[in-house]
There are 2 protein chains.
Amino acid sequence: MDDLLQRLERRDWRLTPQRRAVVDALRGENVHLSADEVLDRVRDELPETSRATVYNTLNELVEMGEVGELHVAGRSRKYDPNVTDRHHHALCESCGMVQDIQLRSDDEPQVPASMPGFELRRLDVLFSGICASCAN
Amino acid sequence: MDDLLQRLERRDWRLTPQRRAVVDALRGENVHLSADEVLDRVRDELPETSRATVYNTLNELVEMGEVGELHVAGRSRKYDPNVTDRHHHALCESCGMVQDIQLRSDDEPQVPASMPGFELRRLDVLFSGICASCAN
DNA sequence: CTATATGCAAAAGCTTTGCATATTC
DNA sequence: GAATATGCAAAGCTTTTGCATATAG
């Protein structure tokens, strides 16, 4: 399941305690953490870790394509370790909860014919609204 | 087509030269301006206009639902005057160009059954990639 | 041993806020 | 004339950067 660390080792990614802790913080299902939340978790293990290191590491992971980035209105960037299953997101505008969403492949939006020559790299669908528990 | 300024007057929105200039800056098709770009345009007319006024005004317009907000990786917020036609966006990761995208209504993603009780407020689809002219 | 990751502190965006003054209705 | 928009400057947040030191491979 959590092969992120394995994938990174296979890439000969230079491993340090701080980097391992960042990777650790990003373990799980439906994880969408801000850099600051990652820092908090990392500091539970390694209290001296600097914010810069966490930012550097997250940026590298994103650049390598091993972690996804999620941009949500107003709020800070979120990091999503799930890059193996194609998915999208739902956001509760009330409580800030983010949930992974799988679309049936025939429900995935297609690049419209009005954009000939557009080379698609990423597709993001964001459902924003009020989640069931906030709606009462 | 139906005019933002008219809609605002109908709402008894208090009009000032600065606000009128902001609304003016946001006129057109396929317009996606950052707050700073709006400020530049406003200052062409009213050089003393403060950044705070532009931010206040844009926030109000968004809050009223008369202007749309677009959040793009890394870059600053963009403001989109087109709120009457339901549409999405394509972003060129190379040149930063943003283009409005219309999907056929049966291509619009549906809230999945896995989220019962979710009250959808907004749906954003973002196609990211390389535009035809950047691809050469 | 060498390349590079780390921590620190400072700076760099972007956006918001407080307050006195000016302006719209 | 009363409510509120404006400008200014300062502060707030998130993220990036430069540099000396520490450390992984």
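Proteins come first, then strands; the chains are lettered A, B, ... in the order of their sequence lines, and each starts at number 1.
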A.B. asks: Start at the 5' end of DNA chain C and walk down; is the nucleotide closest to B:Ser76 or to B:Trp13 reached first?
C.D. replies: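 That would be B:Ser76.
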A.B. asks: Going by salt bridge (charged side-chain N to carboxylate O under 4.0 Å, His left out), name the residues that satisfy it together with A:Glu93, two or more places apart in sequence or in a different chain.
C.D. replies: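 Salt bridge (charged side-chain N to carboxylate O under 4.0 Å, His left out) list for A:Glu93, sorted by chain: B:Arg121.
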A.B. asks: Give the first and the last nucleotide of DNA chain C, reading 5' to 3', that has any atom under 4.0 Å from a heavy atom of chain A.
C.D. replies: C:dA3 to C:dC8
A.B. asks: Is A:Leu33 linked to A:Leu70 within one hydrophobic cluster, defined over Ile, Leu, Val, Met, Phe, Trp and Tyr using a side-chain heavy-atom separation of less than 4.5 Å?
C.D. replies: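 They do not share one cluster, since no chain of ILVMFWY contacts under 4.5 Å joins A:Leu33 to A:Leu70.
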A.B. asks: Out of D:dT4, D:dT23, D:dT14, which nucleotide sits closest to the side chain of B:Arg14?
C.D. replies: D:dT4
A.B. asks: Check every strand shown and say whether A:Ser34 touches a base, only sugar-phosphate, or nothing at a heavy-atom separation below 4.0 Å.
C.D. replies: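 Answer is nothing: A:Ser34 stays at 4.0 Å or more from every strand.
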A.B. asks: Touch check for A:Asn59, heavy atoms < 4.0 angstrom, all strands: base, sugar-phosphate only, or nothing?
C.D. replies: sugar-phosphate
A.B. asks: Across the strands shown, which category fits B:Asn56 at heavy-atom distances under 4.0 angstrom: base, sugar-phosphate, nothing?
C.D. replies: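 Base, at least one base heavy atom under 4.0 Å.
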A.B. asks: On a heavy-atom basis, which atom in B:Asn30 and which in B:Val98 lie closest, and how many Å separate them?
C.D. replies: OD1-O, 3.5 Å
A.B. asks: Would you say the side-chain atoms of B:Arg19 pair up with the backbone N or O of B:Arg14, donor to acceptor, closer than 3.5 Å?
C.D. replies: yes
A.B. asks: With distance as the sole test, does A:Gln110 use its side chain to make a donor-acceptor pair with the main-chain N or O of A:Glu108 at under 3.5 Å?
C.D. replies: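 Such a contact is found between A:Gln110 side chain and A:Glu108 backbone.
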A.B. asks: Among A:Asn59, A:Leu8, A:Val83, which one satisfies side chain to side chain contact (heavy atoms under 4.5 Å, CB included) with A:Met64?
C.D. replies: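 Only one of A:Asn59, A:Leu8, A:Val83 forms a side chain to side chain contact (heavy atoms under 4.5 Å, CB included) with A:Met64, namely A:Leu8.
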A.B. asks: Bend angle of the helix from C:dC1-D:dG25 to C:dC25-D:dG1 from five-pair axes at both ends, rounded to 10°?
C.D. replies: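 The value is 50°.
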A.B. asks: According to a hydrophobic-cluster definition based on side-chain heavy atoms being under 4.5 Å apart (Ile, Leu, Val, Met, Phe, Trp, Tyr only), do A:Leu5 and A:Leu46 belong together?
C.D. replies: no
A.B. asks: Under 4.0 Å between a side-chain nitrogen and a carboxylate oxygen: does that hold for A:Asp80 and A:Lys78?
C.D. replies: no
A.B. asks: Counting just side-chain N and O atoms, does A:Tyr55 come under 4.0 Å of either OP1 or OP2 of D:dT15?
C.D. replies: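 Yes, because at least one side-chain N or O of A:Tyr55 sits under 4.0 Å from OP1 or OP2 of D:dT15.
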A.B. asks: Select base, sugar-phosphate, or nothing to describe what B:Arg51 touches, counting heavy atoms under 4.0 Å on all strands.
C.D. replies: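 It contacts base atoms.
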